[in-house]
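In what follows, a single structure is set out as structure tokens and then discussed.
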Amino acid sequence: MIVVGGEALIDLVPVALPPGALLPRPGGGPYNTALALGRLGAEVAFCSRVSSDGFGESLLAGLRAAGVDLSLVQRGPEPTTLAVPSLAPDGSASYGFYVEGTADRLFTLPPALPDGVRALALGTCSLVLEPGASAYEALLRRESRRGVLTLLDPNIRPALIADPAAYRARFLERLLPHTSVLKLSEEDAAWLGGRVDDWLAAGPSAVVLTRGAAGLTVRTREGGEHSAAARPVTVVDTIGAGDTVNAALLHRLTARPGGPVDWPEVLAHAAHAAALTCTRTGAEPPYASEL
């Protein structure tokens, strides 16, 4: 089983008609990653705290339909977090958030995960918003110590980070030493201001960098470097593309635990899946049959 931890929220996605209208869509980086893994046919569980309001019910219904295990989901009466993406002409998105007093940020550390868990993925808002951020950090440290493969996607949302210096220090000193695979975008890397060599030295065995239309690149601790080209598609928006990359990476990396990683194949699989997500409005990752 793969466990994905982090927020589930509602994206209010701009639509063409009527002018100025916003369409509520399920979202949140970890939610999208869990959904994508379910659609790819992986055995996956979602670990989060979800509101008992109508939005929360719809979020869980989407995961349930994708075959995601919900036994690790905590519930609360607080409202669901809302995100409002703004789309640039190239389909890229920036975000504003409504997070005060919302259910997901009150996540608490769960009991030990089942013995059959092979991987844990964390990222995005859940690494920032307290008190949940500290609980997710504790979960990462605990599961890493018992040998679980861990994937971290910082998926930086600058509007949520009140103290960038403190966040960067936490990332380097408290998260990376317990991370097996770091996946981040070029924009994330620029904001963090570090170098791949420094991140590899801090703990991860591999750093995967997404580069938009330029594809994906991985650097490994052993000095290997591999790339995969992006699939040419007509981009509707890029919402959920990076989350789909997370899912595709985990889907392949957990298929043969302990064996050598065929990074060119893994990256090509991720590029294909992400490209299909970009052809759709909002975070709509592909099913295995579409790949």
Side-chain angles (χ1 to χ4, degrees), residues 1-9 26-50 59 63 66-73 104 107 109-110 113-114 116-128 132-133 135-157 171 174-185 188 199 203-210 216 218 240-255 257 261 266-267 269-270 273-274 277 283 285:
M1 176 178 281
I2 300 167
V3 173
V4 182
E7 76 280 356
L9 53 78
Y31 177 92
N32 296 336
T33 298
L35 183 74
L37 277 163
R39 291 185 175 184
L40 289 174
E43 184 183 358
V44 55
F46 189 52
C47 184
S48 182
R49 190 170 187 274
V50 177
L59 287 163
L63 292 176
V68 177
D69 184 324
L70 303 179
S71 60
L72 298 175
V73 173
D104 56 307
F107 172 81
L109 180 66
L113 299 182
V117 170
R118 290 184 177 177
L120 170 68
L122 298 174
T124 318
C125 308
S126 57
L127 301 179
V128 179
Y136 283 114
E137 179 185 331
L139 178 63
L140 175 71
R141 296 164 70 94
R142 188 185 73 192
E143 297 305 314
S144 172
R145 282 195 296 266
R146 70 184 189 101
V148 172
L149 184 152
T150 56
L151 181 144
L152 186 71
D153 176 14
N155 206 6
I156 300 298
R157 301 294 185 237
F171 168 76
R174 292 161 54 185
L175 299 180
L176 284 191
H178 306 281
T179 299
S180 307
V181 177
L182 171 65
K183 174 262 169 185
L184 72 173
S185 68
D188 294 336
W199 297 330
S205 60
V207 175
V208 177
L209 188 68
T210 61
L216 299 90
V218 65
D243 310 322
T244 304
V245 169
N246 294 341
L249 292 174
L250 288 167
H251 189 226
R252 284 296 196 257
L253 292 175
T254 57
V261 178
V266 170
L267 295 180
H269 177 62
T277 301

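Since we're looking at a predicted model, the values are computed, not measured.
- The side chain to side chain contact (heavy atoms under 4.5 Å, CB included) test with Val3 singles out one residue from Leu37, Val117, Val44, and that residue is Val117.
- Looking only at side-chain heavy atoms (C-beta outward), Leu122 and Thr150 stay at 4.5 Å or farther from each other.
- With sequence neighbours excluded, the residues satisfying ring pair (Phe, Tyr, Trp, His ring centres under 6.0 Å) with Phe107 are Tyr136.
- Annotation: side chain of Asp104 is not in contact with side chain of Ser126 (no heavy-atom distance under 4.5 Å).
- For the atom pair CZ of Arg142 and NE2 of His178, the computed distance is 13.5 Å after rounding to the nearest 0.5 Å.
- Rounding to the nearest 0.5 angstrom, the gap separating the CG atom in Asp243 from the OG1 atom in Thr277 is 8.5 Å.
- Not counting sequence neighbours, the partners of Ala273 by the side-chain contact (heavy atoms from CB on, under 4.5 Å) test are Thr244, Ala248, Pro286, Leu291.
- Legend: residues meeting side-chain contact (heavy atoms from CB on, under 4.5 Å) with Val181, ordered by chain and number and at least two apart, are Leu151, Val208, Leu253.
- Contact record, Gly6 with Ser48: O-OG, 2.7 Å, taken as the closest heavy-atom pair.
- Side-chain contact between Leu127 and Leu152: present, with at least one pair of heavy atoms (C-beta onward) separated by less than 4.5 Å.
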Practice problem: Verify side-chain contact (heavy atoms from CB on, under 4.5 Å) between Leu149 and Leu250, making sure each step is shown before the conclusion. | Solution: CA-CA 9 Å; Leu149 184 152; Leu250 288 167; 4.0 Å; yes
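- Shortest non-hydrogen contact noted between Val245 and Ala274 is CG2-CB, 3.7 Å.
- With Leu184 as the partner, the side chain to side chain contact (heavy atoms under 4.5 Å, CB included) test is satisfied by one option alone out of Leu209, Thr210, Ile156: Leu209.
- Leu113 is not listed as a side-chain neighbour of Met1, based on a closest heavy-atom distance of 4.5 Å or more.
- Scanning for salt bridge (Lys or Arg N to Asp or Glu O under 4.0 Å) contacts around Arg174 gives Glu137, with sequence neighbours left out.
- Between Leu63 and Tyr31 the shortest side-chain heavy-atom distance falls below 4.5 Å.
- Here the shortest heavy-atom pairing between Pro154 and Lys183 reads CD-O, 3.4 Å.
- Each of Thr33, Asn32, Asn155 was checked for a side chain to side chain donor-acceptor pair (under 3.5 Å) with Thr124, and the lone residue meeting it is Asn155.
- Contacts of Ser185 classified as side-chain hydrogen bond (donor to acceptor under 3.5 Å, both in side chains), with partners at least two apart in sequence or in another chain: Glu187, Asp188.
- Looking at every heavy atom in both residues, Val261 comes nearest to Val266 through CG1-CG2, 4.1 Å.
- Side-chain atoms of Arg252 never come within 3.5 Å of backbone atoms of His269 as a donor-acceptor pair (strictly under, hydrogens ignored).
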Using distance only, find each side-chain donor-acceptor pair of residues 66-73 under 3.5 Å and give its atom names and separation, not counting sequence neighbours.
unit_1 : atom_1 : unit_2 : atom_2 : d
Asp69  : OD1    : Ser71  : N      : 2.7
Asp69  : OD1    : Ser71  : OG     : 2.7

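- In this structure, Leu35 and Pro285 approach most closely via the heavy-atom pair CD2-CD, 3.9 Å.
- Across Ala270 and Leu249, no two heavy atoms sit closer than the pair CB-CD2, 4.3 Å.
- Summarising the geometry, atom CG belonging to Leu140 is positioned 9.5 Å from atom CZ belonging to Arg145; distances are rounded to the nearest 0.5 Å.
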